[in-house]
Amino acid sequence: MAEKTPINIPAFGGINKSHTRNIGQPSAGLNFWTRNGRLFTRGGTPYVVQSGTFSGDIKSLNSAVKMDSGVDSTVLLLEEGANLWHKVGSADWASLKSDVAGNGYSSCRWQQYIILASKGYQAGGSQMLAYDVSAGTVADLTGDPPNMEYVINWKQRIWGWGPNYSNPQYLWFCGEESLDGTYVISKDLWPATYFKNVGEDPGHPVLACFPYGSHLLILSSNSFWRVYGDDEPNFVLSYGGSTSLINPESAALVGDYAMWVGEEDGERKVFAYSGTSPVIISQPIEEILQEISAATFTKAMTCGFAGQFWILFPETDETTALVYDTGQKEWYHHEFPFEITCVKAMGNYLEKEYLHFGLTDGRVVKVDDSVDEDLYDTGALTGTPITTEFTLGPINHEGRRMKAKSFYINAEPRNDFSLEVYSTVDDKDENGPTTMDFETSNVVTKRIKLSDAKGQNISIRVTTTDKVNELQNATIVVVPKGLR
């Protein structure tokens with residue numbers, strides 16, 4: 001008589017749809033994280049700004065610290081429709097401008113200013129603004145700046161580029177003036193010769209730039225470049241190699257990496273750069289990338305936050321997020337029940353930062369691990385439940401046919417939750433659900449009986465709308481049959 005054989009899953013990992021995945025890496029799933037092999041539900045998204053405060057879509061978010069008379073407070077900037085608003089500390093939102101371009105602003109902090117550049121082509125030229133954090137005022141940049149849609153701060157200078165304007169391959173930087181015999185860099189001086197002609201090909205515009213170690217990393221639509229040097233006229237442009245970037249929003253800095261979304265040989269990829277040449281890191285989720293519609297894929301936006309690279313694919317009333325965690329070296333798949341219009345990591349002064357999403361209809365939410373639901377109203381205590389799901393398998397045991405007998409999960413429940421478990425053998429119909437209930441306790445093991453179905457490949461699908469916190473490992477018990 002054949003003996004029962006355990007198939008151990010010693011730890012849980014992130015999503016991996018490739019055939020070389022580890023046994024604990026789900027082949028499908030959503031809305032969970034893993035840390036050191038333990039699985040738990042992602043944080044919810046409480047409202048920061050609910051409908052009614054603003055009416056238009058939130059197009060950009062910014063924050064800074066204002067230091068005034070020994071009292072430090074957080075300044076928030078928000079672009080809604082054609083309006084630019086700010087909020088200082090606990091004060092109410094106040095209007096700064098009511099005639100902004102409305103396509104979102106890129107931004108960088110430069111001295112006491114937040115420099116803003118309007119994205120997208122404008123018939124009258126790009127709108128370039130400087131918000132004075134100390135004074136709480138905003139004004140146009142003077143000095144006839146070039147048409148720029150994106151700005152960064154490197155080597156104490158403002159650098160910018162405009163992929164939708166003439167000379168899209170130019171990377172501009174601001175100049176300096178003499179004050180009492182000392183040269184001082186100025187946000188309002190833009191000499192006509194202060195630019196780098198990246199690739200000298202208008203057909204391949206500059207799309208993104210990042211300060212990276214000793215150099216400035218430049219990404220065009222088909223290549224990457226570096227600028228070295230400390231000051232004009234010593235800035236030197238150097239070709240790095242070929243790559244691909246789908247749009248200016250699809251690249252971000254994540255700790256010691258620059259990461260971006262592109263294509264290679266017609267296949268969608270994610271690249272990581274650590275100072276030499278970019279490497280592809282998207283193998284586990286490339287099947288998911290290929291399934292995203294072309295229209296949605298080209299709208300990808302990204303953000304680096306807490307060692308994670310967030311890729312957001314917004315659609316009407318929903319957003320898919322693919323997240324790479326540089327610490328865990330794992331991919332995760334989240335689904336949100338709202339359309340994200342912009343993303344920014346922000347936090348109050350001396351407090352924890354949170355990832356903030358601007359939404360349609362004037363709403364803002366943040367990702368908060370202490371909250372269990374999406375679109376959570378902290379006043380009414382209501383929100384949208386989060387579905388956590390993952391599929392283990394198909395799992396094969398030495399190429400043999402086997403009978404599925406039982407499934408064990410080892411957990412350390414920090415709260416009460418229930419799991420619905422389904423099993424599939426080969427291409428047969430899915431069996432289940434069978435419920436596994438967990439109550440708050442120390443480490444506990446739960447067991448359910450499986451269907452006794454026979455085949456070569458077993459898959460286990462687990463789903464719940466409860467908050468899972470946390471699962472440690474699992475075991476599938478089978479009875480192997482003879483070699484096939």
Side-chain angles (χ1 to χ4, degrees), residues 14-18 26-31 42 57-60 103-104 106 119-121 149-150 161 163-164 168 203-210 219-224 242-254 257-273 278-305 308-326 330-344 355 357-360 367:
I15 296 294
N16 190 338
K17 299 187 79 69
S18 72
S27 57
L30 50 94
N31 296 329
R42 68 162 172 84
D57 295 350
I58 305 301
K59 294 297 188 178
S60 62
N103 291 330
S106 73
K119 303 174 186 177
Y121 176 80
E149 302 166 70
Y150 297 90
W161 59 100
N164 290 296
H204 294 290
V206 173
L207 296 180
C209 296
F210 302 103
L219 301 175
S220 76
S221 59
N222 72 338
S223 57
F224 71 98
S242 62
T243 191
S244 168
L245 181 64
I246 59 171
N247 69 46
E249 309 292 331
S250 61
L253 274 182
V254 187
Y257 299 91
M259 297 185 174
W260 60 89
V261 183
E263 295 182 320
E264 185 176 271
D265 299 326
E267 297 289 324
R268 297 166 178 177
K269 308 286 184 182
V270 180
F271 300 88
Y273 173 89
V279 296
I280 295 170
I281 60 169
S282 51
Q283 293 89 342
I285 49 95
E286 283 176 7
E287 184 177 322
I288 302 175
L289 289 174
Q290 309 313 318
E291 293 171 351
I292 296 170
S293 72
T296 300
F297 182 73
T298 58
K299 294 189 298 183
M301 66 180 77
T302 62
C303 183
F305 174 70
Q308 296 173 334
F309 181 51
W310 285 70
I311 313 172
L312 304 173
F313 298 99
E315 297 183 273
T316 302
D317 296 329
E318 62 183 12
T319 299
T320 294
L322 298 176
V323 186
Y324 183 73
D325 189 302
T326 60
E330 299 276 10
W331 280 99
Y332 302 94
H333 177 189
H334 303 321
E335 293 289 336
F336 294 98
F338 42 74
E339 180 181 352
I340 296 173
T341 52
C342 62
V343 56
K344 187 76 171 182
L355 199 62
F357 299 142
L359 311 182
T360 54
V367 179

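A donor-acceptor distance shorter than 3.5 angstrom exists from the side chain of Ser106 to the backbone of Glu149, with no hydrogens or angles considered. Between the side chain of Asp265 and the backbone N or O of Glu267 there is no donor-acceptor pair closer than 3.5 Å. Although no hydrogens or angles enter the test, the distance criterion places no donor-acceptor pair under 3.5 Å between the side chain of Asn16 and the main chain of Pro26. Using modelled atom types, no side-chain atom of Thr319 and backbone atom of Phe313 make a donor-acceptor pair closer than 3.5 Å. At least one donor-acceptor pair closer than 3.5 Å links the side chain of Trp161 to the backbone N or O of Leu207. Put simply, the side chain of Ser282 gets close to the backbone of Val270: a donor and an acceptor are under 3.5 Å apart. Not one N or O on the side chain of Glu318 forms a donor-acceptor pair closer than 3.5 Å with the backbone of Glu339. For the pair Asn247 (side chain) and Thr298 (backbone), a donor-acceptor distance under 3.5 Å is present.
Residues Cys303 and Leu355 come closest through the heavy atom pair SG-CD1, 3.7 Å. The minimum heavy-atom distance between Pro168 and Pro163, with the atom names listed, is CB-O, 3.6 Å. Considering every non-hydrogen atom in both Leu219 and Ala251, the closest pair reads CD1-CB, 4.0 Å. Ala208 and Pro248 get closest at one heavy-atom pair: CB-O, 4.4 Å. Among all heavy-atom pairs drawn from Ile15 and Gly29, the shortest one is CD1-N, 3.5 Å. Closest heavy-atom contact between Ala321 and Leu312: CB-CD2, 3.6 Å.
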Apply side-chain contact (heavy atoms from CB on, under 4.5 Å) to the pair Leu359 and Ile58, showing each step before the final yes or no. CA-CA 6 Å; Leu359 311 182; Ile58 305 301; 5.9 Å; no
Candidate pair Phe210 and Tyr273, rule side-chain contact (heavy atoms from CB on, under 4.5 Å), full reasoning: CA-CA 11 Å; Phe210 302 103; Tyr273 173 89; over 6 Å; no
As a quick check of understanding, evaluate side-chain contact (heavy atoms from CB on, under 4.5 Å) for Ile288 and Lys17, giving each step before the final call. CA-CA 8 Å; Ile288 302 175; Lys17 299 187 79 69; 3.4 Å; yes
Working note: His334 + Thr320, criterion side-chain contact (heavy atoms from CB on, under 4.5 Å); need CA distance, chi angles, decisive distance, verdict. CA-CA 6 Å; His334 303 321; Thr320 294; over 6 Å; no
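Side-chain contact between Asp317 and Pro337 is absent, with no heavy-atom pair separated by less than 4.5 Å. Counting only heavy atoms from C-beta outward, the side chains of Cys342 and Lys59 never approach each other to under 4.5 Å. A 4.5 Å side-chain heavy-atom check between Glu286 and Ile280 finds at least one atom pair inside the cut-off. Taking the side chain as every heavy atom from C-beta outward, Val254 and Gln308 never approach each other to under 4.5 Å. Contact check for Leu245 versus Thr243: no side-chain heavy atoms found under the 4.5 Å cut-off. By the 4.5 Å heavy-atom criterion applied to side chains, Val343 and Met301 are counted as neighbours. Here the side chains of Ser244 and Ser221 are not in contact, with every heavy-atom distance at 4.5 Å or above. A 4.5 Å side-chain heavy-atom check between Leu322 and Leu289 finds at least one atom pair inside the cut-off.
Atom NZ of Lys119 sits about 7.0 Å away from atom OG of Ser60, to the nearest 0.5 Å. Taking CG of Asp57 as the reference point, atom OG1 of Thr341 lies at 6.0 Å (rounded to 0.5 Å).
A cation-pi geometry, defined here as NZ or CZ lying under 6.0 Å from the six-membered ring centre and within 45° of its normal, holds between Arg268 and Phe297.
Within a 6.0 Å sphere centred on OH of Tyr257, other residues, nucleotides and ligands contribute 12 heavy atoms or fewer.
The existence of a salt bridge linking Glu263 and Lys269 is excluded, since no basic side-chain nitrogen approaches an acidic carboxylate oxygen closer than 4.0 Å. Ion pair Lys299/Glu249 not flagged as a salt bridge, since none of the NZ, NE, NH1 or NH2 atoms sits closer than 4.0 Å to an Asp/Glu carboxylate oxygen.
Checking Phe309, Tyr332, Trp331, Phe271 one by one against Tyr324, the ring pair (Phe, Tyr, Trp, His ring centres under 6.0 Å) holds for a single residue, Trp331.
Residues Phe357 and Phe336 place their aromatic rings such that the two centres sit under 6.0 Å apart.
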